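The model shown is predicted, which means the values in this text are computed figures rather than measured ones. For this chain, numbers begin at 1 and follow the sequence in order. Values below: all heavy atoms of this structure, side chains included; hydrogens, waters and symmetry mates excluded. Counting convention: from 1, in listed order, for ligands and their atoms alike.
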Amino acid sequence: MATPLGLSSLFSSRIHTTTPSLFPIHRKEFNRRRIILVNAGGGGKPTILVAEKLGQAGIDLLKKHANVDCSYDLSVEELCTKISLCDALIVRSGTKVGRDVFESSRGRLKVVGRAGVGIDNVDLAAATEYGCLVVNAPTANTVAAAEHGIALLTAMARNVAQADASIKAGKWMRSKYVGVSLVGKTLAVLGFGKVGSEVARRARGLGMHVITHDPYAPADRARAIGVELVSFEVAISTADFISLHLPLTAATSKMLNDETFARMKRGVRIVNVARGGVIDEDALLRALDSGIVAQAALDVFTVEPPVKDNKLVLHESVTATPHLGASTMEAQEGVAVEIAEAVVGALRGELAATAVNAPMVPPEVLRELKPYVVLAEKLGRLAVQLVTGGSGVDAVKVTYASSRSPDDLDTRLLRAMVIKGLIEPISSVFINLVNSDYVAKQRGVQISEERMVLDGSPEDPIEYITVRIANVESRFASALSESGEIKVEGRVKQGVPSLTKVGLFGVDVSLEGSVILCRQVDQPGMIGKVGSILGDENVNVSFMSVGRIAPGKQAVMAIGVDEQPSKETLKKIGDISAIEEFVFLKL
Ligand SMILES: NC(=O)C1=CN([C@@H]2O[C@H](COP(=O)(O)OP(=O)(O)OC[C@H]3O[C@@H](n4cnc5c(N)ncnc54)[C@H](O)[C@@H]3O)[C@@H](O)[C@H]2O)C=CC1
Ligand SMILES: O=C(O)C(=O)COP(=O)(O)O
């Protein structure tokens, strides 16, 4: 029977060893080490640092599973010091999670949870290099942000903030604060994602003509709520109001600048509830002073909090709020629970649905792929152990044979696990789903994938997986294919990952425990001879199979063993005269 294998190894990290070994640590030992690593901290629970205010429901949930350290307003130095004792970190937009944080964590930090949408305050490249998963809470504050956008839009149009300040200062200035109407005006929503589409829907309800620009949004989604998808040029040049709902990326940074302001309608009004950096703030100031922009309502700033005498904040025509888009009671409770669930799940090794730097795989796909994920890792692990020490692994080809259409099979998880299996045994680097591609690239290992489309019923997602390593010598010559590559092939048989081919030889051994591969001259009694040597040493044989080219010619015997045989036992097997070569491989 197969041991039930969870997917926790997807996010597991091996303890750092100083001397890379060609041999991996045993699976049982591996799991034990991983658990210690993940559950580091007092009471056997992981430690989660919550570095910004989080809703109580989220904190309560975290406390059920972890030691929770709520420490707010930490300096960079304090954060870097604390982080080396934490398995997870939860932040909002106010904490910069830079490379220094990942470096300081020395591999202990497994998950960064962003309690909100924008992850521009997290160095994703560094997180990925360090194998740290980043998850966010992308849905719970959508409505809050959209409502704040509408609040700013209407408040700006009617000078609510300015009039309020004036009346509180004892003035009664009715003519100064005459506003503009929204009905019939054109609103350009830049970024038609979750928040943008909710703003558009609400603005339609206010009687506005809404257009949107978003190169990645489907036109029918816009049409469904009566919104026209237009080019950037049309959006900015025809709008009376522009509302920003884009992520801050290299492409959107300073998207509104001197040049784009110059192409806008004179008297345009701007709302920004997205990110300060999407606007060139100096250019906005110039546009406000020159009258191109009549008013702006800003919730977000390039530097937060903005400096004390920030000219935009103090500008008469600017309505400003201190990044309050997500700050409703409801959104904060929702975000807190959403992020707490994602972080706790990720620490348990579950794939997070809101992973930002790892493949997101729907649960039903994951369930189906589970045994293949294990198979992929084991094939990688076996293949690399067949390489003669000193040969550099640089070219690996993975073939997935399946009767499913290529679009119907997501192989990203499998690829990551082949890499994990290949590199972990020969490296001190820890590898998981997050950093597998990065590590492979760093080590100069080129992984190519190939799909082999088979005829037949596409019930099983994959028929077999083959891992080939080219340009290397093998410690077991029989593992070489016709073209001289190390080649191992495996299948999932009744839920159990099995090795079915080594080089040119067909075998059949379930991939549990360890495997001894022997090449021998095919003759009667070999299974008995090897079996009795192992039996004498109390090594439990779980499986034996012989694959041969032709009767009486060479054969490869694959023997699955539960325990590692002693050197003496292995020597006795090697001394059997009919055995031409043999190798012991740990899984
Ligand atoms: N002020 C606040 O407290 C809050 C701010 N936000 C911010 O609002 C923004 C939008 O959030 P969501 O709607 O949840 O994100 P989302 O990912 O659902 O939507 C973003 C949209 O922008 C589009 N986009 C990307 N690049 C673009 C480009 N160059 N031109 C036009 N469109 C482009 C994408 O296709 C996507 O549809 C983010 O920056 C987020 O950080 C979100 C919640 C609260
Ligand atoms: O979710 C977002 O992108 C936000 O900007 C909200 O930020 P916050 O969590 O309120 O610091």
Part of His148 with heavy atoms under 4.0 Å of ligand 1, whether side chain, backbone, both or neither: neither
What do you reckon, does Val273 have a nitrogen or oxygen under 3.5 Å from a nitrogen or oxygen of ligand 1? yes
N or O contact, Pro138 vs ligand 1, cut-off under 3.5 Å: no
Using a heavy-atom cut-off of under 4.0 Å, does the side chain or the backbone of Ala145 touch ligand 2, or both, or neither? neither
Taking only heavy atoms of Ala115 into account, list the atoms of ligand 2 that are under 4.0 Å away from them. 9 (O)
Judging by distance only, is a nitrogen or oxygen of Leu324 under 3.5 angstrom from one on ligand 1? no
Any Ala217 heavy atom less than 4.0 Å to ligand 1: no
Minimal heavy-atom distance between Val199 and Ala146, with the atoms involved, is CG2-CA, 3.6 Å
Taking atom CG of Leu284 and atom CD1 of Ile279, what is their separation to the nearest 0.5 Å? 5.5 Å
May I ask you to list the atoms of ligand 1 that are less than 4.0 angstrom from any heavy atom of Asp299? 1 (N), 2 (C), 3 (O)
Hey, which atoms in ligand 1 end up nearer than 4.0 Å to a heavy atom of Met255? 29 (N), 30 (N)
Ignoring hydrogens and geometry, is there a side-chain-to-backbone donor-acceptor pair from His213 to Leu190 under 3.5 Å? no
Out of Glu52, Arg92, Arg275, whose heavy atom sits nearest atom 10 (O) of ligand 2? Arg92
Please lay out, stage by stage, how Asp164 and Lys168 fare under the test salt bridge (Lys or Arg N to Asp or Glu O under 4.0 Å). CA-CA 6 Å; Asp164 176 68; Lys168 284 195 167 92; 2.7 Å; yes
Is there a side-chain contact between Leu79 and Thr95 in this structure, where contact means two heavy atoms from C-beta onward sitting under 4.5 Å apart? yes
Determine yes or no for a side-chain-to-main-chain donor-acceptor pair under 3.5 angstrom, with Arg114 supplying the side chain and Gly118 the backbone. yes
For Gly325, is the nearest heavy atom under 4.0 Å from an atom of ligand 2? no
Tell me whether Leu246 reaches ligand 1 (any heavy atom closer than 4.0 angstrom to a ligand atom). yes
Pull out every atom of ligand 2 sitting under 4.0 Å from any heavy atom of Gly118, numbered as shown with elements. 1 (O), 2 (C), 3 (O)
With a 4.0 Å heavy-atom cut-off (strictly under), which part of Asn141 contacts ligand 1: side chain, backbone, both or neither? side chain
Flag side-chain contact, heavy atom, 4.5 Å: Ile150 against Leu206: yes
Looking only at protein heavy atoms, which one is nearest to atom 5 (O) of ligand 2, and how far off is it? His323 NE2, 2.7 Å
How far is atom 25 (C) of ligand 1 from its nearest protein heavy atom, and which residue and atom is that? Pro247 CD, 3.6 Å
Identify the closest protein heavy atom to atom 10 (C) of ligand 1: which residue and atom is it, and at what distance? His245 O, 3.4 Å
With a 4.5 Å cut-off on side-chain heavy atoms, are His323 and Arg275 touching? yes
Counting distance only, does the side-chain N/O of Glu52 pair as donor-acceptor with the main-chain N or O of Gly94 below 3.5 Å? yes
To the nearest 0.5 Å, tell me how far Glu129 CD sits from Glu103 CD. 9.0 Å
Between Lys110 (side chain only) and Arg108 (backbone N and O only), is there a donor and an acceptor less than 3.5 Å apart? yes
I want to check something: taking the side chain as every heavy atom from C-beta on, are Phe241 and Leu182 in contact at a cut-off of under 4.5 Å? yes
Using distance alone, determine whether Lys194 and ligand 1 share an N or O pair under 3.5 Å. yes
In this structure, atom 29 (N) of ligand 1 is nearest to the protein heavy atom Thr252 CG2, 3.6 Å
From CA spacing to verdict: salt bridge (Lys or Arg N to Asp or Glu O under 4.0 Å), Arg92, Glu304: CA-CA 12 Å; Arg92 288 176 58 186; Glu304 293 185 359; over 6 Å; no
Just to confirm my output: which protein heavy-atom neighbour is closest to atom 4 (C) of ligand 2, and how far is it? Arg114 NH2, 3.2 Å
Do the side chain of Thr252 and the main chain of Val278 share a donor and acceptor less than 3.5 angstrom apart? no
Close-contact set for ligand 1 against Ala145 heavy atoms, below 4.0 Å: 43 (C), 44 (C)
Test item: Ser197 side-chain N/O and Gly193 main-chain N/O as donor-acceptor pair under 3.5 Å: yes
Before signing off on this row, confirm whether Val117 and ligand 2 have an N or O atom pair separated by under 3.5 Å. yes
Could you tell me, atom by atom, which parts of ligand 2 come under 4.0 Å of a heavy atom of Ala326? 6 (C), 10 (O)
Suppose I only count heavy atoms of Gly116 and a 4.0 Å limit; which atoms of ligand 2 are within that range? 1 (O)
Are any of the side-chain heavy atoms of Cys132 and Val434 separated by less than 4.5 Å? no
With a 4.0 Å heavy-atom cut-off (strictly under), which part of Ser93 contacts ligand 2: side chain, backbone, both or neither? both
So, Thr260 side chain and Met255 main chain: donor-acceptor pair closer than 3.5 Å or not? yes
Under 4.0 angstrom from ligand 1, any heavy atom of Ala251? no
Closest to atom 34 (C) of ligand 1 among protein heavy atoms sits Asp214 OD2, 3.4 Å
Of all the heavy-atom pairs spanning Leu89 and Ala51, show the shortest one and how long it is. CD1-CB, 3.9 Å
In the protein, what heavy atom is nearest to atom 8 (O) of ligand 1, and what distance, to one decimal place, separates them? Ala274 CA, 3.8 Å
What's the shortest distance from atom 26 (N) of ligand 1 to any protein heavy atom, and which residue and atom give it? Tyr216 CE1, 3.7 Å
Counting each atom of ligand 1 from 1 as listed, which ones have a heavy atom of His323 under 4.0 Å away? 1 (N), 2 (C), 3 (O)
In the protein, what heavy atom is nearest to atom 42 (C) of ligand 1, and what distance, to one decimal place, separates them? Val117 CG2, 3.9 Å
Just let me know how Val300 lines up against ligand 2, side chain, backbone, both or neither, with a heavy-atom cut-off below 4.0 Å. neither
Any N or O of Thr142 that comes nearer than 3.5 Å to an N or O of ligand 1? no
Does the Thr128 side chain pair with the main chain of Leu124, one donor and one acceptor, at a distance under 3.5 Å? yes
Non-hydrogen side-chain atoms of His65 and Val343 separated by less than 4.5 Å: no
In terms of atom number and element, which parts of ligand 1 are under 4.0 angstrom from non-hydrogen atoms of Phe192? 37 (O)
Heavy-atom contact under 4.0 Å between Leu190 and ligand 1? no
Which atoms from ligand 1 have a heavy atom of Gly118 less than 4.0 Å away? 41 (O)
Please work out whether any backbone atom (N, CA, C, O) or any side-chain heavy atom from C-beta onward of His148 is under 4.0 Å from ligand 2, and answer side chain, backbone, both or neither. neither
Between Arg269 and Val180, is there a side-chain heavy-atom distance shorter than 4.5 Å? yes
Quick one: nearest non-hydrogen protein atom to atom 12 (P) of ligand 1, plus distance? Val195 CG2, 3.7 Å
